[in-house]
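Take a look at the structure set out below.
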Amino acid sequence: MGTNVFVKSGHTIDLLPADTSGTPTGAWMYKDAPLSTIQVVATAAATVILEVSNDGVNPVATSLGTVTLAGAGSDGFVCNASWKYIRARVTANVGTVSVTMSN
């Protein structure tokens with residue numbers, strides 16, 4: 001007997017909307033799948049920490065990752081982690097920044 005497997009791909013979530021200024025902490029967002037990509041786009045120097053949680057309230061002590069841009073540009077990473085919730089926390093931002101997750 002065969003087993004059905006559903007693979008979800010291409011769903012994109014803004015962890016921080018385009019043109020975010022300052023150093024905000026985004027809302028907890030449900031992470032649909034373990035395999036995800038994170039992209040940070042900034043108009044100037046910025047540092048973004050990606051925090052994760054299983055309860056959507058308390059971030060774990062070790063962050064999922066950090067993206068630091070020395071100037072305008074884009075960077076990101078791939079993660080394969082089963083945390084249920086994720087949020088972006090901007091710790092340095094000279095211009096504007098956006099953070100997107102795709103899974």
Side-chain angles (χ1 to χ4, degrees):
M1 179 188 259
T3 302
N4 291 332
V5 176
F6 177 74
V7 177
K8 188 174 187 176
S9 179
H11 181 72
T12 302
I13 298 170
D14 288 332
L15 298 179
L16 287 176
D19 300 327
T20 297
S21 60
T23 55
T25 297
W28 287 111
M29 303 298 283
Y30 185 73
K31 192 170 172 297
D32 291 331
L35 187 58
S36 303
T37 58
I38 309 294
Q39 181 179 12
V40 176
V41 179
T43 60
T47 300
V48 178
I49 298 173
L50 285 302
E51 297 178 323
V52 290
S53 171
N54 275 334
D55 63 10
V57 176
N58 302 294
V60 297
T62 303
S63 64
L64 180 66
T66 301
V67 175
T68 301
L69 295 167
S74 175
D75 199 2
F77 60 92
V78 175
C79 67
N80 193 5
S82 297
W83 297 103
K84 287 297 175 192
Y85 296 93
I86 185 170
R87 71 180 180 188
R89 181 167 53 93
V90 181
T91 59
N93 185 12
V94 176
T96 62
V97 64
S98 65
V99 183
T100 307
M101 175 181 69
S102 181
N103 49 17

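Source: prediction; values computed, not measured.
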For [X], enumerate each residue passing the side-chain hydrogen bond (donor to acceptor under 3.5 Å, both in side chains) test, keeping only those at least two apart in sequence or located in another chain.
X	value
S21	none
T96	T43
T20	none

Applying ring pair (Phe, Tyr, Trp, His ring centres under 6.0 Å) as the test, list every pair that has at least one member in [range]; sequence neighbours left out.
range	value
residues 38-61	none
residues 83-103	Y30-Y85
residues 42-68	none

So, does [X] use its side chain to make a donor-acceptor pair with the main chain of [Y] at under 3.5 Å?
X	Y	result
D75	V67	no
N93	T23	no
D55	V57	yes
S53	N58	yes

Mind listing the closest non-hydrogen atom pair of A81 and K31 along with its distance?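 Looks like O-NZ, 2.8 Å.
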
For the residue pair L69 and S74, what are the closest heavy atoms and their distance?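 Taking every non-hydrogen atom into account, CD2-C, 4.0 Å.
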
Would a hydrophobic clustering, with Ile, Leu, Val, Met, Phe, Trp and Tyr connected at side-chain separations under 4.5 Å, put V60 with M101?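 Shared cluster, yes.
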
